[in-house]
Amino acid sequence: MLIVDDNPTIRDDYRRILCPSTSGVEELESIEAILFDEMRSHQAKVRPNFQTAFASQGAEAENLTKAAIEQGMPFAVAIVDVRMPPGIDGVETVKRLWRAQTDLQIVLCTAYSDYSWQEIVEELGTSHRLVVLKKPFDPIEVLQLCQAMCMKWVAEREMACRQLDLQSRLTRTSLRAEKVAGELYQERNFRDQLKQKRSDAEVIDVMSGLAASIAHDFNNALTVIQGHLSSALLTPGGSGSTLPMEQMMQAAERASFLSQQMMALTSDVEMPAETHVFNAVPVIQKQVEMMGRVLKEKLRMELYYSETELFVCASETLLTRLLNLMVIRAQEQVPRGGSINITLSSRTTMDARLAPDAQGRQMLVHLSYSLGPVDDAALVEKEACDRLVPAIQLAESLGGMLQVRAGTDSTCTQTLVLPEADPQQPQAAMQRVMTARNATSASGRQLTFMVVDDEKTVCDILGYILSSQGHQVMKAHSALEAWTLWQSHHQEIDMLVTDVYLPDGLTGFDLVGHLRAAAPTLPVIYMSGYQPAMIHGGEALTVGVNYLNKPFDVLDLLGVISRMLEESASGQHVTTPPSSAPPTQLLSKIDNLPYRAQPITV
């Protein structure tokens, strides 16, 4: 307690009220217990004990307050008299005390002679830490008022400490929450990455299984060809007319289709968009059977269709790739041991964009499967659409569309819509046959071809095909050997058929660049087992124009030759610019050749 009053007598009164003397108290209490009943002796005599400090002027009180704060023993209550001449009055003293200690409780003693209540409020403002004690006062008023104000000061300090503690706890809790949130975020990212890796691993497993299944069917097709050929070689006096050529041709076509499917497994390789009219039912049936063999350990696949044929004008390879993407993305959402049902149907529509033919027919491929327990079907549908973006784009490139729907019964359905085609349209195979029949008559003369391939069997079969058409063939198995042939017979050679990738570190593009330095108009046909999009470093390659994709048959070869001859006759044949540099790379290797290539006429 801080007592501020200029009157020594008043200060003594405060001392007697707040800090009474305890001498003789025990003796008086024992006498009281004898005179009065015994119960009074057990009553607790509770009297607050205040530690007091006294100041006669306001400036002195301000110094005492600052010193108490520095010692860590601040005052709880200050009793300030309003009138204290000759120094500052009580109102100014209160202002200074509050500037030094904001939580100090003030009891302002006044007789209302100097300041009225309105004037005090105007000077000090309204505050819950300010009370007015009117003179003259009773000792009990001072005692109870000081006790209440001290308890209030203690309560405010405890509340402030609790607020600081709560704020500190809140800060620590917030830091822990942020730490936990960061750990959860990292855990979620880790699980997402793990899920993506698991999904990629499943896709790789499916692709590997498809590749193995395709290789199995490919070997079966080659077995048919090799079996017939070996039987013919072992039969004495056997002739080509006795061979089952139709079965061999079908097996070769099947092997060619399987090699295209191998390419279709790589989604980032652009496949040639060679569209023609075909029945989509057997193509989808064969692919579903193959996928069923691969995925038999994970799920079941069922195909439902009627006996009606569904003709579409598209690419069999791209349709197979599209079906692969649909099944692979579906099996990622199907629980292990589930099933995928594929249904083929047809419908009539008025949409000219998706059904351009007169009948307005569409082929529908419904791929449905059960998702198991799901919380949000819309979210599952969105995730399925995100995964099927490449398939949706591929369906649009085929002139159709792909839709995904997730039902409330936990069933998801992928619907592929493709326009049907008229089966009476001229087939591409017949057009190729007619083109091949006119290939020889287009030139009207015998031609000389130079065939370059490191595979001897390829050179032999091309030589046989071209010689059967009445042409002459010169064979070479490398760029150096071809260069030697060119030096000796460049005036006789009318057309070059070369593989893209040749031994000795040279390519067909290198060879053509040197040959066209002397013959800029030389027609060239390239061939390779790779797709044109996978070949870089040379002129533009177009299947059926200046490029043959292995394996190819007689009709493919003769069709490209016929096109080349027509362009040469009309003067529209486009060649690469002649190379200004001499063929030093070829010439430097020719001197070291262990042989001199000779022309071979078949």
Side-chain angles (χ1 to χ4, degrees), residues 1-23 25 45-160:
M1 297 289 298
L2 175 62
I3 310 299
V4 186
D5 200 300
D6 60 333
N7 191 339
T9 305
I10 299 297
R11 293 199 297 270
D12 292 338
D13 292 338
Y14 282 123
R15 183 179 292 109
R16 285 192 296 270
I17 295 173
L18 300 177
C19 303
S21 176
T22 59
S23 60
V25 173
K45 303 295 189 294
V46 179
R47 185 182 184 89
N49 185 18
F50 298 98
Q51 297 180 6
T52 57
F54 296 89
S56 59
Q57 294 295 323
E60 182 183 359
E62 182 182 4
N63 294 332
L64 288 174
T65 302
K66 293 180 180 179
I69 294 175
E70 292 177 357
Q71 296 174 4
M73 295 288 291
F75 295 113
V77 180
I79 301 177
V80 182
D81 191 17
V82 172
R83 185 178 179 83
M84 294 182 296
I88 60 176
D89 61 7
V91 175
E92 182 63 27
T93 301
V94 171
K95 292 181 181 180
R96 296 187 181 185
L97 292 180
W98 272 347
R99 282 198 295 265
Q101 182 180 345
T102 56
D103 64 340
L104 184 62
Q105 308 291 321
I106 302 294
V107 177
L108 188 62
C109 293
T110 178
Y112 295 103
S113 59
D114 297 324
Y115 287 93
S116 65
W117 173 250
Q118 288 79 8
E119 293 174 339
I120 294 175
V121 171
E122 290 177 0
E123 291 290 335
L124 300 178
T126 57
S127 174
H128 62 88
R129 296 189 177 96
L130 175 65
V131 295
V132 176
L133 179 62
K134 183 180 178 182
K135 293 181 179 179
F137 51 79
D138 191 89
I140 190 63
E141 294 178 354
V142 176
L143 184 62
Q144 290 185 347
L145 188 59
C146 289
Q147 184 177 5
M149 297 295 283
C150 284
M151 297 299 296
K152 180 173 177 290
W153 179 81
V154 172
E156 287 184 1
R157 291 181 70 88
E158 290 179 351
M159 184 179 298

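Model, not experiment: these values are computed from the prediction. Start at 1 with the first residue, then count along the sequence.
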(request) Name all residues meeting the side chain to side chain donor-acceptor pair (under 3.5 Å) criterion together with Asp6; count only those two or more places apart in sequence or in a different chain, and write none if there are none. (result) none
(message) Contact between Ile120 and Leu130 at the side-chain level, heavy atoms closer than 4.5 Å - yes or no?
(response) yes
(message) What's the separation between atom SG in Cys146 and atom CD1 in Ile3, rounded to the nearest 0.5 Å?
(response) 6.0 Å
(request) Indicate yes or no: at least one non-hydrogen side-chain atom of Trp98 is less than 4.5 angstrom from one of Thr65. (result) no
(message) Listing request: all salt bridge (charged side-chain N to carboxylate O under 4.0 Å, His left out) pairs with a residue in residues 102-111, at least two apart in sequence or in separate chains.
(response) Asp103-Arg157
(message) Would you compute the distance between atom CE of Met149 and atom CD1 of Ile79 and round it to the nearest 0.5 angstrom?
(response) 9.5 Å
(request) Only counting residues at least two apart or in another chain, list the ones meeting salt bridge (Lys or Arg N to Asp or Glu O under 4.0 Å) with Arg11. (result) none
(request) Mind checking the CZ-CG spacing from Arg83 to Asp89? Nearest 0.5 Å is all I need. (result) 9.5 Å
(request) Under the side chain to side chain donor-acceptor pair (under 3.5 Å) rule, collect the residues that match up with Lys66, sequence neighbours excluded. (result) Glu62
(message) Run the side-chain contact (heavy atoms from CB on, under 4.5 Å) test against Glu158 and tell me which residues pass, sequence neighbours left out.
(response) Val154, Arg162
(request) List in chain and number order the residues that pass side-chain contact (heavy atoms from CB on, under 4.5 Å) with Thr9, two or more places apart in sequence or in another chain; answer none if no residue qualifies. (result) Asn7, Asp13
(request) Answer yes or no: is there a side-chain heavy-atom contact under 4.5 Å between Asp81 and Lys135? (result) yes
(request) Starting at CG of Leu108, measure out to OG1 of Thr93 and round the result to the nearest 0.5 Å. (result) 9.5 Å
(message) I need the Ile17 CD1 to Glu141 CD distance, nearest 0.5 Å.
(response) 10.0 Å
(request) Report the residues that fulfil side chain to side chain donor-acceptor pair (under 3.5 Å) with Glu123, sequence neighbours left out, ordered by chain and then residue number. (result) Lys95
(message) I need the minimum non-hydrogen distance between Ala78 and Leu97, along with the two atoms involved.
(response) CB-CD1, 4.2 Å
(message) Under the rule for salt bridge (Lys or Arg N to Asp or Glu O under 4.0 Å), what residues qualify as partners of Glu92, not counting sequence neighbours?
(response) Arg96
(message) Going by side chain to side chain donor-acceptor pair (under 3.5 Å), name the residues that satisfy it together with Asp5, two or more places apart in sequence or in a different chain.
(response) none
Using distance only, find each side-chain donor-acceptor pair of residues 51-59 under 3.5 Å and give its atom names and separation, not counting sequence neighbours.
residue	atom	partner	partner atom	Å
Ser56	OG	Glu60	OE1	3.3
Gln57	OE1	Gly87	N	3.3
Gln57	NE2	Pro85	O	3.3

(message) Filter on ring pair (Phe, Tyr, Trp, His ring centres under 6.0 Å), then keep only pairs touching residues 125-148, sequence neighbours left out; what's left?
(response) Tyr14-Phe137
(request) Compare all side-chain heavy atoms of Leu104 with those of Ile106 and state whether any distance is below 4.5 angstrom. (result) yes
(request) Answer whether the closest heavy-atom distance between the side chains of Gln147 and Phe50 falls below 4.5 Å. (result) yes
(request) Enter the distance from Arg16:CZ to Leu18:CG here, rounded to the nearest 0.5 Å. (result) 11.5 Å
